[in-house]
Peer 1: 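Encoded as structure tokens, here's the structure I'll be asking about.
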Amino acid sequence: MKKNWLMSLRCISQAMAVRFISVTRVRKRKFISQKEEREKCQKVADAFAELYEMADIVVFDVGRYGFVMLKYYTPPHGFEEDATYTDSRSLFDALWQEWLHTTLYLTAKEMQLDDILYEEVFNCLSKEKQSAIIGRKSDFAQKAEISLKYSFRKENTLN
């Protein structure tokens with residue numbers, strides 16, 4: 001009984017620490033003060049609409065605090081992870097990673113692979129399928145009106 005209580009206390013402490021770090025980050029981080037940046041973030045969130053149908057992920061505009069991404073919904077507790085974004089570039093990068101990982105996860109599931117290591121799943125695909133998946137980044141960038149000229153590097157594709 002004492003061991004269970006101690007484990008519960010440890011979990012609560014970790015959760016409180018994570019929440020404190022999140023609040024501290026928001027306090028240190030600037031708010032979205034420019035209307036243009038909020039509009040850019042909204043375009044990014046809208047560009048990834050198909051992701052919200054693929055996985056338990058949603059993105060909300062929370063006013064001056066930016067945009068919040070909620071991930072991995074489990075009843076009755078709610079969402080397991082959250083992250084706040086105040087610039088469109090970091091929101092785009094995060095949503096791209098989620099879309100890519102979700103796509104590779106679903107592909108691995110279709111292929112009935114036991115170990116789901118994203119890079120290995122990607123390497124198992126045909127060159128055409130790999131190109132199609134990577135090409136989606138450009139599609140999302142175009143929808144979101146984000147430039148990829150300085151962020152797209154081949155070695156960083158799956159990260």
Side-chain angles (χ1 to χ4, degrees), residues 14-15 17-19 21-26 28-32 34 36-75 77-159:
Q14 288 173 343
V18 167
R19 182 56 58 198
I21 290 168
S22 296
V23 169
T24 305
R25 283 186 196 148
V26 168
K28 288 181 181 178
R29 186 76 173 132
K30 64 181 181 182
F31 297 118
I32 291 183
Q34 297 179 4
E36 301 86 32
E37 191 59 31
R38 175 174 276 114
E39 289 170 354
K40 287 179 185 178
C41 285
Q42 187 62 59
K43 286 179 184 178
V44 169
D46 292 344
F48 283 91
E50 73 181 61
L51 173 62
Y52 314 136
E53 299 298 320
M54 295 167 57
D56 292 338
I57 297 174
V58 292
V59 176
F60 291 106
D61 179 349
V62 290
R64 70 184 185 123
Y65 300 104
F67 282 70
V68 173
M69 179 174 21
L70 302 173
K71 301 189 290 187
Y72 316 127
Y73 183 78
T74 55
H77 305 299
F79 288 94
E80 299 289 326
E81 292 183 27
D82 62 79
T84 304
Y85 300 90
T86 56
D87 69 279
S88 56
R89 182 79 233 172
S90 61
L91 179 59
F92 180 88
D93 291 340
L95 287 171
W96 164 249
Q97 289 302 311
E98 289 300 329
W99 182 89
L100 180 62
H101 292 169
T102 300
T103 299
L104 293 174
Y105 170 79
L106 294 173
T107 302
K109 209 169 157 185
E110 273 179 25
M111 297 169 66
Q112 299 178 344
L113 298 175
D114 292 331
D115 293 328
I116 301 176
L117 299 173
Y118 299 125
E119 195 165 341
E120 288 180 17
V121 172
F122 185 79
N123 291 334
C124 287
L125 300 174
S126 68
K127 295 295 179 193
E128 294 80 23
K129 183 71 174 169
Q130 289 178 2
S131 294
I133 289 173
I134 297 305
R136 291 303 311 272
K137 186 171 188 175
S138 295
D139 297 341
F140 289 125
Q142 187 175 18
K143 285 181 189 176
E145 299 176 14
I146 293 279
S147 173
L148 293 179
K149 64 182 174 186
Y150 64 90
S151 69
F152 188 73
R153 290 178 289 158
K154 187 174 182 179
E155 68 272 10
N156 196 21
T157 302
L158 295 178
N159 295 327

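Hydrogens, waters and symmetry mates are skipped; everything else that's a heavy atom, side chains included, is used.
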Peer 1: Sort out for me which residue in Leu95, Val58, Val59 forms a side-chain contact (heavy atoms from CB on, under 4.5 Å) with Leu51.
Peer 2: Leu95
Peer 1: Is the side chain of Tyr52 donor-acceptor paired with the backbone N or O of Ala45 at a distance under 3.5 Å, no angle test?
Peer 2: yes
Peer 1: Roughly how far, to the nearest 0.5 Å, is CD of Gln34 from OG1 of Thr86?
Peer 2: 11.0 Å
Peer 1: Taking NZ, NE, NH1 and NH2 as the nitrogens, is one of them in Asp46 or Lys43 under 4.0 Å from a carboxylate oxygen of the other?
Peer 2: no
Peer 1: As an exercise, state the distance from CZ of Arg136 to CD of Glu50, rounded to the nearest 0.5 Å.
Peer 2: 4.0 Å
Peer 1: Identify whether the distance between the nearest side-chain nitrogen and carboxylate oxygen of Asp93 and Arg89 falls below 4.0 Å.
Peer 2: yes
Peer 1: Go through it in stages, so that I can follow the logic: the residues are Met69 and Phe79, the test is side chain to side chain contact (heavy atoms under 4.5 Å, CB included), and I'd like the CA-CA distance, side-chain angles, deciding distance and then a yes or no.
Peer 2: CA-CA 10 Å; Met69 179 174 21; Phe79 288 94; over 6 Å; no
Peer 1: Between the main-chain N or O of Phe122 and the side-chain N or O of Gln130, is there a donor-acceptor pair closer than 3.5 Å?
Peer 2: yes
Peer 1: Can you establish whether the number of heavy atoms outside Glu81 located under 6.0 Å from its atom CD is more than 12?
Peer 2: yes
Peer 1: Measuring from Leu104:CG to Glu120:CD, what's the distance to the nearest 0.5 Å?
Peer 2: 11.5 Å
Peer 1: Kindly say whether Ser88 contributes a backbone atom to a donor-acceptor pair with the side chain of Glu37 at under 3.5 angstrom?
Peer 2: yes
Peer 1: How about Trp99 and Phe48: are their ring centroids closer than 6.0 Å?
Peer 2: no
